[in-house]
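Contents: one structure, followed by commentary.
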Amino acid sequence: QVQLVESGGGLVQAGGSLRLSCAASGRTFSSFAMGWFRQAPGKEREFVARIWSSGSTYYADSVKDRFTISRDNAKNTVYLQIGSLKPEDTAIYYCAASNIATTSSSGYRYWGQGTQVTVSP
C-alpha cells in the first residue's frame with residue numbers, strides 16, 4: 001500500500017515556475033515508477049512525466065524542456081519542477097505510482113489527491 005500527498009501548487013504568472021512535491025508512504029517507494037498527470041477543467045486527465053526506479057525519465061511532448069521530474073528515494077519524494085508556465089498549464093496535478101513503465105493512467109495503481117496549479121496571463 002502506498003499513500004501519496006502532493007504539495008507545491010499555487011497561482012503563478014505566465015513565465016513563472018513552481019516545484020511540486022509528492023510525498024509517499026510505504027517502504028517500497030523506490031521500486032515504483034512515479035508519474036505526474038494533470039487534468040484541466042473539462043478535459044481528460046493527461047500524462048505529464050514519468051520517472052522509473054532507475055531514474056530514467058520520460059515526458060509528454062507538451063512539457064518537454066519546460067518540466068523536470070526527479071525523485072529522492074531517501075525522502076520517499078518525487079518532484080516536478082515546472083517552468084516557463086503558460087495559461088494552458090492550468091490544471092490539477094496528480095502524482096501516481098505504478099509497477100510498470102507506462103504513460104497510461106490506467107497503469108497507475110496509487111494516486112494522490114492532486115494540487116492545483118493556476119497560471120495567469
So CG of Asp72 and OG1 of Thr77: to nearest 0.5 Å the spacing works out to 6.5 Å
Rounded distance (nearest 0.5 Å) linking atom CG of Asn76 with atom OG of Ser30 | 7.5 Å
Going by the rule side chain to side chain contact (heavy atoms under 4.5 Å, CB included), which residues pair with [X] if we only count those two or more places apart in sequence or in a different chain?
{"X": "Ser31", "answer": "Thr28"}
{"X": "Ala97", "answer": "Leu4, Phe32, Met34, Tyr110"}
{"X": "Ser17", "answer": "Gln81"}
{"X": "Ser104", "answer": "Thr102, Ser106"}

Pairs touching residues 59-102 that satisfy disulfide bond (SG atoms under 2.5 Å apart), sequence neighbours left out | Cys22-Cys95
Side-chain heavy atoms of Leu20 within contact of Glu6, under 4.5 Å | no
Pi-cation contact, Tyr59 with Arg66 (under 6.0 Å, within 45°) = no
Gln113 side chain to Val5 backbone, donor-acceptor under 3.5 Å = no
So, does Arg109 use its side chain to make a donor-acceptor pair with the main chain of Val2 at under 3.5 Å?
-> no
List the residues meeting side chain to side chain donor-acceptor pair (under 3.5 Å) with [X], not counting sequence neighbours, and say none if there are none.
{"X": "Arg38", "result": "Glu46, Asp89, Tyr93"}
{"X": "Lys86", "result": "none"}
{"X": "Asp65", "result": "none"}

Considering only Ile, Leu, Val, Met, Phe, Trp and Tyr, and joining two whenever side-chain heavy atoms are under 4.5 Å apart, list the other residues clustered with [X].
{"X": "Ile100", "answer": "none"}
{"X": "Trp52", "answer": "none"}
{"X": "Phe37", "answer": "Phe47, Tyr58, Ile92, Tyr94, Tyr108, Trp111"}

Between Ala49 and Leu80, which heavy-atom pair has the shortest distance, and what is it?
-> CB-CD1, 4.2 Å
For Lys43 against Gln39, the heavy-atom pair lying closest together = O-NE2, 3.1 Å
Are Tyr79 and Ile69 co-members of a hydrophobic cluster defined by side-chain heavy atoms under 4.5 Å apart?
-> no
Show me the side-chain donor-acceptor pairs of residues 114-121 shorter than 3.5 Å, one per line, residues at least two apart or across chains.
unit_1	atom_1	unit_2	atom_2	d
Thr115	OG1	Gly9	N	3.1
Gln116	NE2	Ala91	O	3.4
Gln116	NE2	Thr118	OG1	3.4

Glu88 atom CD, over 12 foreign heavy atoms within 6.0 Å = yes
